[in-house]
Amino acid sequence: MRRVLICLLMVAVGEMWAFAQRDASARALTVEVFSGRRVSSLNVTPAGKTESMRMCAGCQARAVTAPFTAKPRGDGVVLSSGNKAREVELDGAFRMKPEGETEGIGAAGVWRLITAHGEMRVLLTLDSERYVALALNGEAGANEPLESLKAMAVVVRTYALENADRHKSEGFNLCDSTHCQALRFGETPAAVERAVLETAGETLWYGGRRATVFYAQNCGGRSEDASQVWPGVAAPYLRSHIDPWCTRHGAAEWDAEIPMEKVRGVFRSEGWILPERIDAVRVVERTDAGRAELLEFSGAGARVPVTAGSLRFALDRALGWNELRSDWYTVTLSDGVLHFKGRGYGHGVGLCQAGAAEMAAEGHAAGEILSFYFPGTRVGVTAQDRGWESSHGAGWTLWTTVASSADLLREGDVAWGKARALYPPRVPTQPEVRQLPTTELFRQTTSEPGWILASTRGAKIFLQPEAVLTKSGSEEETLLHEFLHVLVESEASAQAPLWLREGVVEAVAGAVRGQAEAAMKIGDLDEALARPVNDAESQRAHAQAGKLAGALIDRYGLEQVRQWLRAGSVPPGVVMTLAQSPGQRAGRVPSTHR
Ligand SMILES: [Zn+2]
Ligand SMILES: [Zn+2]
């Protein structure tokens, strides 16, 4: 990670802000978790690093300590400690477990516990790219091919950003159920993470505006026109069309048998009047695509019309979801039982998930899948760009959303050459550099603060926009630092301490800056590097890690230090000696180790 002075960056970030706001391809999203469930008691436990825990009692912020149990009380929340608060705000990783559930949800972000209508409301504010990963995990099959996962990632992201005001009046953006998009917490499969990363910030656009998108599990061979399902919702790219893809793996047919007695019960609870005797049930109106629109229940000289949508909703709600899996069916009444024979799963509008997976399995790219299901739309991070495009550097790949990347490509070639000369790779490594077009998207993608210039995960490097990098110094220097990280990470054991990994990069790059005044303990260095409270502390920790690693390299040679990186630790004796004697390169002793 490269960090720069905040003041330098404020200027640049300010400039990027207007741009980020207008296009908003990334933003923090607040979701309601446990939506549709009654939470009368919530168990809260820390699940990793916690930044802050406080409650607002009469608007005086007071610290709280987890674990605790929270219950709704009046217009506030009462904790197991006996303290009552209007709301509780927790920043960090926590596990939230409603009473009676075994698992609960573990996630990091800003949590808020409030009470609304006598029930506990649990809100989580998280990065939009994290949201996309959770929703993709909830809505798509983990074993799907990468290209259909990528297509779905774009659709899920488009849906989220386009519907972010859906629950505005309730004080949050989206709920975690299928009403918005189903979120699945817990571990995210690698393929899902990859699909989200490779499409970072990308959404669908039409005529300079973000598109309105829908998706369904299986259209049964013919997608539905949006206006036939939701009056008032229409777009040229949401018209009904034949889908030859989903039917290649079977027709997605289903049957349902529902006794008339149960149907009567549902009608009663909905307040719909049925004649005493029902002789026939038939579909009297269908959409152009063939889905049922209006049904008629007739008997004893009366005819009762019911729309297919409200019938399906009422039956599903009363008898369990997925009783009627779509509106595409024929229905008959015999021996007091309604027999449905149907096809397709879901409303059928927009992207057909089964068809998309089939297209991907047959070799089609995400872009082709999206143009098939949303003809005329474009993929882009903003309304202007054409999404992520790659260019090839010498032994590395650059991904940008802007066409003019020649300078960065040239600087990258120099930096990658230098990095390999300074730290000859043991295994072939192909770094992938992704330059995010806005600081906000950089933050939402990496979960790093906006004052960090670049972040590396494995062989993947994420860069701030070019304007930010050039304002803060040299792009080449930043790239050299990150390429060295890629090389260090390619061989370092997962157990190797952060100070060693960061330190070796700093020392090898020859970029040890600043003075380690009042140096930190080695034990505290890792924490300061992983989660610096501010830029100054981060710089201090980097400088000290660099000096320590530099002294190790001077005394034992780079080869030996690399071996320790691979082994996962520096022998304790070596670190002690190092701390007790003057560092040659650094010229200063870390003062806390005397
Ligand atoms: Zn919702
Ligand atoms: Zn289909």
Side-chain angles (χ1 to χ4, degrees), residues 29-37 116-117 119 121-126 128 131-132 134-135 138-141 144-145 147-148 151-152 155-156 158-184 212-226 228-230 237-254 287 289-291 313 317 321 325-329 342-362 364 368-375:
L29 288 170
T30 299
V31 294
E32 183 195 42
V33 298
F34 310 122
S35 53
R37 278 185 271 173
H117 313 296
E119 285 179 43
R121 179 163 279 167
V122 185
L123 303 178
L124 172 64
T125 302
L126 73 180
S128 52
Y131 170 90
V132 175
L134 295 176
E139 296 281 358
E144 261 184 53
E147 290 304 313
S148 60
M152 267 298 282
V155 174
V156 160
T158 307
Y159 188 94
L161 295 175
E162 198 51 25
N163 289 283
D165 284 340
R166 208 169 191 196
H167 290 279
K168 197 177 177 181
S169 63
E170 296 160 273
F172 55 95
N173 299 120
L174 298 154
C175 71
D176 71 343
S177 77
T178 50
H179 172 262
C180 288
Q181 300 189 99
L183 302 188
R184 183 184 293 166
T212 304
V213 295
F214 300 95
Y215 55 92
Q217 228 185 322
N218 191 316
C219 77
R222 186 175 182 107
S223 75
E224 189 51 86
D225 194 298
Q228 305 263 19
V229 179
W230 304 286
Y237 51 87
L238 292 175
R239 297 210 179 104
S240 171
H241 63 85
I242 297 285
D243 183 350
W245 302 100
C246 59
T247 42
R248 293 204 192 175
H249 270 312
E253 289 171 346
W254 53 267
T287 67
R291 287 177 178 78
F313 192 74
R317 193 167 49 184
W321 295 102
R325 301 202 59 181
S326 74
D327 284 338
W328 197 350
Y329 54 71
R343 63 191 303 177
Y345 308 134
H347 52 60
V349 180
L351 181 138
C352 168
Q353 292 183 265
E358 180 59 26
M359 280 187 84
E362 294 189 28
H364 292 277
E368 295 174 277
I369 295 172
L370 291 167
S371 351
F372 176 74
Y373 287 106
F374 303 100

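Everything quoted here is computed from the prediction, not taken from an experiment. Just follow the structure's listing: the first ligand is 1, and inside any ligand the first atom is 1.
Classification of the His347-Phe214 ring pair by plane angle, with boundaries at 30° and 60°, yields perpendicular. Between Trp254 and Tyr329, the ring-plane angle classifies as perpendicular under the 30° and 60° cut-offs.
When you scan the N, O or S atoms of His167 for the one nearest the Zn ion (ligand 1), you land on NE2. Among the heteroatoms counted here (N, O or S) of Asp243, OD2 is the one nearest to the Zn ion (ligand 2).
Rounded to 10 degrees, the SG-metal-SG angle spanning Cys352 and Cys219 at the Zn ion (ligand 2) equals 120°. Our summary of the site lists the angle at the Zn ion (ligand 1) between SG of Cys180 and ND1 of His179 as 110°, to the nearest 10 degrees.
The residue from Ile242, Asp243, Val349 that alone fulfils the side chain to side chain contact (heavy atoms under 4.5 Å, CB included) condition with Cys219 is Asp243.
The main-chain N or O of Ala182 is found under 3.5 Å from a side-chain atom of Glu139 such that the two form a donor-acceptor pair.
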